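What you see is a predicted model, and the numbers here were worked out from it, not measured in a lab.
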Amino acid sequence: MSAKPTGATPVTAQPGHPGDVGRRIAQRRSQLGLSREETARRAGMAVEYLEHLESSPATVEAGSLTRLAGALGTSARQLLGGDLDRPPGRAAAAAHPVLKELAASECWAKLAPGGVGRVALTAPEGPVVLPVNYRVLDGTLIFRTAVGGTPASTVGSRVAFEVDQVDEALRTGWSVLVVGAATPFDEPEAIEHLIRRGAPDPWAGGVRDVWVRIKPSTVTGRTISTSDTAPQADREP
């Protein structure tokens, strides 16, 4: 078996998480029922290197990735997340899923970093769900939109706002649902504070001068884990 290759060109990927490549390797290996030792033998690499790839954020050398793809009967593109443009959650469910309700404080911890969420509203043409970049401020959610845009019509109405995350490799995930009133957000000092933090900066670009605040009336959430990944207190005896 060879040690970690040197001098090879590193593969620069853009996975959703720096450890996603390793988790895809481990997921594929599990699907095939292969041990780490057998996979390393087939790929001609040290077991320690494969363990490093699967357990730590790492840049995979091109040659190693190609050999791993061959050993696992897949392609380097798939291991790098070539299907990231497809909806998540297509993998089979975990054998023993554990569903848990989140406390309000846990929901806010999930919401706190900001990012992309989906606002659901009733438009003249019917129900609409749209993605928006958001941030959290003083127990409320803030997003920006364009004058006359559909998201701007949320002002003065009751809306739902959802944020989630799915880990395809581990078959785990969470979702948080906020329901509340959408109101205009026109506090100059608070807006300046958010702008200094660089957020919320709409990925859609263009002029987004309408600031909207969602004041929650209810915040609920759930997590899906497995008996292997759930905290010990959540596992069935």
Side-chain angles (χ1 to χ4, degrees), residues 16-17 20 81 83-94 97-168 170-187 190-191 193-195 197-225:
H17 181 281
D20 278 355
D83 57 354
L84 285 178
D85 59 342
R86 301 177 185 177
R90 294 176 297 109
V98 178
L99 190 63
K100 174 191 171 185
E101 298 291 330
L102 293 173
S105 59
E106 294 175 303
C107 292
W108 282 110
K110 300 290 189 186
L111 291 166
V116 175
R118 284 161 287 279
V119 59
L121 63 142
T122 301
E125 62 272 22
V128 176
V129 179
L130 297 169
V132 294
N133 294 81
Y134 81 96
R135 287 296 183 269
V136 173
L137 180 68
D138 299 331
T140 65
L141 306 177
I142 308 294
F143 69 89
R144 294 166 55 192
T145 186
V147 175
T150 300
S153 66
T154 60
V155 173
S157 62
R158 188 172 172 81
V159 300
F161 189 88
E162 192 265 353
V163 180
D164 59 49
Q165 187 270 339
V166 174
D167 189 316
E168 190 85 16
L170 299 181
R171 273 90 158 172
T172 62
W174 57 264
S175 65
V176 172
L177 179 66
V178 175
V179 177
T183 63
F185 183 58
D186 53 4
E187 302 174 15
I191 289 175
H193 169 72
L194 287 170
I195 290 175
R197 292 169 53 193
D201 189 15
W203 282 15
V207 179
R208 309 277 166 170
D209 289 336
V210 178
W211 292 69
V212 181
R213 164 180 262 165
I214 300 176
K215 297 181 177 180
S217 56
T218 62
V219 180
T220 57
R222 300 188 299 177
T223 61
I224 297 177
S225 57

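Each of Val155, Val210, Val212 was checked for a side chain to side chain contact (heavy atoms under 4.5 Å, CB included) with Pro184, and the lone residue meeting it is Val155.
Residue pairs that meet the side chain to side chain donor-acceptor pair (under 3.5 Å) test with at least one member in residues 145-158, sequence neighbours left out, are Arg158-Ser217.
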Exercise answer: donor-acceptor pairs, residues 116-134 side-chain atoms, under 3.5 Å, sequence neighbours excluded:
residue : atom : partner : partner atom : Å
Arg118  : NE   : Glu162  : OE1          : 3.1
Arg118  : NH2  : Glu162  : OE1          : 3.0
Arg118  : NH2  : Asp164  : OD1          : 3.2
Arg118  : NH2  : Asp164  : OD2          : 2.7
Asn133  : OD1  : Trp203  : N            : 3.0
Tyr134  : OH   : Leu111  : O            : 2.9

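Residue Ile191 holds its CD1 atom at 6.5 Å from CG of Asp186, rounded to the nearest 0.5 Å. Separation of atoms CG (Leu177) and CG (Leu102) is listed at 12.0 Å; rounding is to 0.5 Å. If you take CG on Leu99 and OG1 on Thr223, they are separated by 7.0 Å, rounding to the nearest 0.5 Å. The CZ atom of Arg135 sits 11.0 Å away from the CZ atom of Arg144 when rounded to the nearest 0.5 Å.
At least one side-chain heavy atom of Val163 sits less than 4.5 Å from a side-chain heavy atom of Trp174. Side-chain atoms of Thr140 and Phe185, non-hydrogen and from C-beta on, never get closer than 4.5 Å to each other. For the pair Trp211/Pro200, a side-chain contact is recorded, criterion being any heavy-atom separation below 4.5 Å from C-beta on. Side-chain contact between Val136 and Leu141 is present, with heavy atoms from C-beta onward closer than 4.5 Å. Inter-residue side-chain proximity for Ile224 and Thr172 is flagged as unmet; no heavy-atom pair is nearer than 4.5 Å.
Smallest separation of non-hydrogen atoms from Gly221 and Cys107: N-SG, 3.4 Å. What you find for Gly139 and Pro216 is that their closest heavy atoms are O-CD, 3.3 Å.
Residues meeting the salt bridge (Lys or Arg N to Asp or Glu O under 4.0 Å) test with Arg213, sequence neighbours left out: Glu187.
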